[in-house]
Structures are given as structure tokens and as C-alpha cells.
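Here the structure is a predicted model, which means the values were calculated and not measured.
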Amino acid sequence: MSKSDAKGMWSGRFSEATDAFVAAFSASEHYDRRLYREDIQGSRAHARMLADCGVITQADAAAIMEGLDAIAAEIEAGDFPWDPALEDVHMNIEARLTERIGEAGKRLHTGRSRNDQIATDVRLWLRTVIDETIGLLLRFQTGLVDLAEREADTVMPGFTHLQVAQPVSFGHHMLAWYEMLVRDQARFADARQRLNQMPLGSAALAGTTFPIDRHQTCAELGFEAPTRNSLDAVSDRDFTIEFVSAAALTMTHLSRMAEELVIWASPLTGFIELPDRFCTGSSIMPQKKNPDVAELVRGKSARVHGALQALLTLMKGQPLAYNRDNQEDKEPLFDAADALRDSLRAFADMVPALRVNRGRTRAAAREGFATATDLADYLVRHGVAFRDAHEIVGKAVAYGVAEERDLADMSLAELQQFSEVIGEDVFEVLTLDGSLAARDHVGGTAPAQVRIQVEAARQRLASG
């Protein structure tokens, strides 16, 4: 078989060479070559099984193993002669194998098809990608927990509708981000469990007539079990959609974090200082320090969301079993995986290294009457019905807006004009630190609770 033969491996059926444009249009080796490790791994297991089942000789299997080892070394060294005329990673490797070892190389494809081969390769590849993703999530979680502990006592404004709502601990806010990542980790782990089924042996769509042992290859490749239905096995791409779906949700979380980082790093708020190594300047304005990493992560979320939509649309109209449409799943899958990996790495490195401007966050928490709810709660504890308390505090806030003073800056006499039940002890609840400390319950923002949650998070991270 000549590598320059554009008719490829099916030349016996065709009377003319594939059109040059069609050959280029059909080729995928320029992007699916990244699956070469998994392709070689699957071929080794397949050849060993064929020999053990007596389908090929042990001598042929030994030659195949030696040839595949040499090809892996060629690819690693950048010396492999990729040929677009051979379409994909599978045919390139098989053609090179035949060049190196002769007739034995032609026997490798016995009992399998590119349909079950690619389904196996992608599952092997995604299994590794998910393991690496979970590792990055754990590293980012660890950084957030460290930051939460460091800033447990730091007061900042909590927002709803991007309006100052109530004081919260900066550490509590970091633990909110941590909780997002815990859910993300669980989704990836769940997707990994479901994808860990082996399609190899399903052949083109109906299985094979050769006496193969799918359990042997399954065990060697580390899959939980062989797939149960050959039609489904070669055409299923749920596992790619599940991965990209989990990636899209993780990127949504990272994008939300990025939005807050951009706002907090602005001189208008000045809540944080991002490390210089994660920022860039302006080509014209020398004073600028731009939060480009956060903005790029926010932007890359759109690419991953687009990849999910592309995969869902790709699969929605396909009849069983395999269709060439499925070649189009690789580029959005690979792009989503790359964007997710790079974004997680960037945030795992950058966020734990940010510096909090505690004076600015505290000053901001004093704006917008952040302790108004605390005053309402105070009134309720003194026998005032909540709806009446809500109205009383609303009037006090209106007075404060007119006088340009926070509730905590008013005198006792000024506060008592709105309710006679207000006493000297009211100022204990109107302070920012008092407001935080009062929310000392599971899930609350009290610094004591932040430290409890930090310890619980550390135990979880230690257990993996």
C-alpha cells in the first residue's frame, strides 16, 4: 500500500482516485493526530488479544508491538511522515506500520474498524483529560481555601443586583467560588465513570466474526466493561457531549469569577491588586494595568459554550449507526478541552496570588447602608413585627440618604425618632464586624464559620 495512493485503504472497490479536493476536505489527521498515543495503546491491546485468541500469530503480534514502539518514538521526536492523503491518525499509523514491518502490519486491523477504533481512542483520551481537569480543579480549590483562610476577617460588601446588600467576609466569598468548583469536580468524575466503557470489538457496527476476547482488551486498557451494544458503541458521542457540557458549566463559573475580578481590580473599586505577571499594559496609555487574563477567560467561556452547541447540533439528526458527520466532533471537543485546561491553570496560578485592599473593601461595605437588615433584625428581637421593622428601617435609610450618613454614624437620638425600642446596644449590631460575627451558623459569613468551612474543605481536599 502506497502512502501516496489517494484512493487510500479501500482502493480495491474504486476505479479512480479520490478527487484531490475531496481528499483534503475529508482529511482529519492535522487535528486528530493528537490521539496517536491512545491509537497506539489501543492497537497494542488489540494485537495482543488477536494473538492470544489465535487470530494472528504471536510472531506477527511481536512484530506489530516492535513497529508500534518505533512509530511512537518517531512521533515523539517529530520525525513521523504524516500524510493527509491517508486521512486520519489511524490510517497514517497503520500505513507506516506496514512500511516498517511488512505483511504483519496489514493484519493489525483484523476484527476492528475505524468506527470502534476512534470511539475507543477518544474515550481513552478523554479519560486522561478528565483526570487532568480534576487535578487542576483541586489545585484551584486549594488556592481558594488558602485565600479564604487568609481573608476570613476581611470585610467587604456583599451584593445583590450589583447593589450593596450586606457585609460579608472576603473569605466567605472565596468559599462560594470553591463550592462552584466542588460541583464541577463531581460532574467530571460522574462523566468519567459513564465514559469508561470499551467500544473496541464492535467493529463497523455489528461486531466481528472472529473469535475475539473483548474482556481481555477491556482489562488491558483499563475500561470498566465492554459496551453492550455494537450499534450504539460506534455511534454514541454522549460522552463527548457530557464532557463539554461539564466544561461549559465550569467555564461559566470561571467567567463569573472573571467578571468580579475585573470589577474588583478597577480603580473605581480598588478591592484587589492582581499580580503584574498576569496583567498587561496599553500601547498608548502608560498608566494602564489591564486584567487581560480574567478577560480572556471570560471570553473563552463563549468558545466552550459554542462547542457544546456544535456537538448537540451535530448529533441531533444522525440515524444509527456511524456517520461521517462524527468526524466533526473532534475540533470542538479539542478546543473546549484546551480552553478549559488553560483557563483553570491561569486562575489556579493567579487568584491565590492576588492582594486584597482591606481598607477599600471595608470602606465600600460602609456605603449603601449595608447593616440595614441588621437593624431590622434588632427591632424584631425587641418585639417589633418584621414588616413594621422593615418600614421603620426604610425611613431611617431615607433619612440617612438625605443627611449623607450611614446608620452607624447616626446618634442614638436620631435613631430613636424612628422607633422608641432602639437602645444604646443597637450600635453593636450596626458595626461591620458585629454584622459579620452575628451570622455564626452553618453556611453563614461569620469569620468563625469561614474557618470551620476552611478546615472542612482541607479535609475534603486531603481525601482527594
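- Between Arg34 and Asp39, no side-chain nitrogen of the basic residue sits less than 4.0 Å from a carboxylate oxygen of the acidic one, so the salt-bridge criterion is not met.
- Interatomic distance, Asp292 CG to Arg298 CZ, rounded to the nearest 0.5 Å: 10.5 Å.
- Residues Asp409 and Arg366 are paired through a salt bridge, judged by an N-O separation under 4.0 Å between the basic side chain and the carboxylate.
- Taking a cutoff of 4.0 Å between a charged side-chain nitrogen and a carboxylate oxygen, Arg123 and Asp236 qualify as a salt bridge.
- Taking a cutoff of 4.0 Å between a charged side-chain nitrogen and a carboxylate oxygen, Glu76 and Arg37 qualify as a salt bridge.
- In this structure, CG in Leu137 is found 7.0 Å from CG in Leu340, a value given to the nearest 0.5 Å.
- Listed by first then second residue, pairs satisfying salt bridge (Lys or Arg N to Asp or Glu O under 4.0 Å) with a partner in residues 327-337 read Arg237-Asp329, Arg303-Asp335, not counting sequence neighbours.
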**Message:** If you apply the rule side-chain hydrogen bond (donor to acceptor under 3.5 Å, both in side chains), what do you find for Glu29 with Tyr36, and how did you get there?
**Reply:** CA-CA 10 Å; Glu29 60 80 21; Tyr36 78 88; over 6 Å; no

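- Residues in residues 392-411 take part in these ring-ring contact (aromatic ring centres under 6.0 Å, His included) pairs, two or more places apart or across chains: Tyr399-Phe418.
- His382 pairs by the ring-ring contact (aromatic ring centres under 6.0 Å, His included) definition with Tyr378, not counting sequence neighbours.
- With sequence neighbours excluded, the residues satisfying side-chain hydrogen bond (donor to acceptor under 3.5 Å, both in side chains) with Arg460 are Gln141, Gln185.
- No more than 12 heavy atoms of other residues, nucleotides or ligands lie within 6.0 Å of CD in Gln193, so this atom counts as exposed by the packing criterion.
- Look at Asp342 and Arg345 and you find no salt bridge, because none of the NZ, NE, NH1 or NH2 atoms lies under 4.0 Å from a carboxylate O.
- By the ring-ring contact (aromatic ring centres under 6.0 Å, His included) test, His173 pairs with Trp177, Trp264, sequence neighbours left out.
- Sorted pairs that involve residues 214-234 and meet ring-ring contact (aromatic ring centres under 6.0 Å, His included), not counting sequence neighbours, are lacking altogether.
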I'd like a table of donor-acceptor pairs (distance under 3.5 Å, sequence neighbours excluded) in which one partner is a side-chain atom from residues 428-436, with atom names and distances.
from	atom 1	to	atom 2	distance (Å)
Thr431	OG1	Glu428	O	3.4
Thr431	OG1	Gly434	N	3.0
Asp433	OD1	Arg362	NH2	2.9
Asp433	OD2	Arg362	NH1	3.4
Asp433	OD2	Arg362	NH2	3.3
Ser435	OG	Asp374	OD1	3.0
Ser435	OG	Asp374	OD2	3.1
Ser435	OG	Arg439	NH1	3.1

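- At a threshold of 4.0 Å, the pair Glu220-Arg44 does not count as salt-bridged, since none of the basic side-chain nitrogens sits closer than that to a carboxylate oxygen.
- Residue pairs that meet the ring-ring contact (aromatic ring centres under 6.0 Å, His included) test with at least one member in residues 274-332, sequence neighbours left out, do not exist here.
- Atom CZ of residue Arg114 and atom CG of residue Asp121 lie 12.0 Å apart, to the nearest 0.5 angstrom.
- With sequence neighbours excluded, no residue forms a salt bridge (charged side-chain N to carboxylate O under 4.0 Å, His left out) with Asp377.
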**Request:** For side-chain hydrogen bond (donor to acceptor under 3.5 Å, both in side chains), just list the numbers for Gln327 and Asp88, CA-CA rounded to whole Å, side-chain angles, deciding distance to a tenth of an Å, and then say yes or no.
**Result:** CA-CA 10 Å; Gln327 180 174 302; Asp88 55 34; over 6 Å; no

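- The residues Glu391 and Arg387 are annotated as not salt-bridged, no charged nitrogen and carboxylate oxygen being separated by less than 4.0 angstrom.
- Looking at residues two or more places apart in sequence or on another chain, you find no salt bridge (charged side-chain N to carboxylate O under 4.0 Å, His left out) involving Asp213.
- Every residue two or more places apart in sequence or in another chain was checked for a side-chain contact (heavy atoms from CB on, under 4.5 Å) with Glu367, and none qualifies.
- For the ring-ring contact (aromatic ring centres under 6.0 Å, His included) test, residues two or more places apart in sequence or in another chain that qualify with Phe188 are Phe243.
- Ionic pairing of Arg187 and Glu242 is not present here: no N-O contact between side-chain nitrogen and carboxylate oxygen is shorter than 4.0 angstrom.
- Taking the charged nitrogens against the carboxylate oxygens, Arg194 and Asp190 do have a contact shorter than 4.0 Å, which makes a salt bridge.
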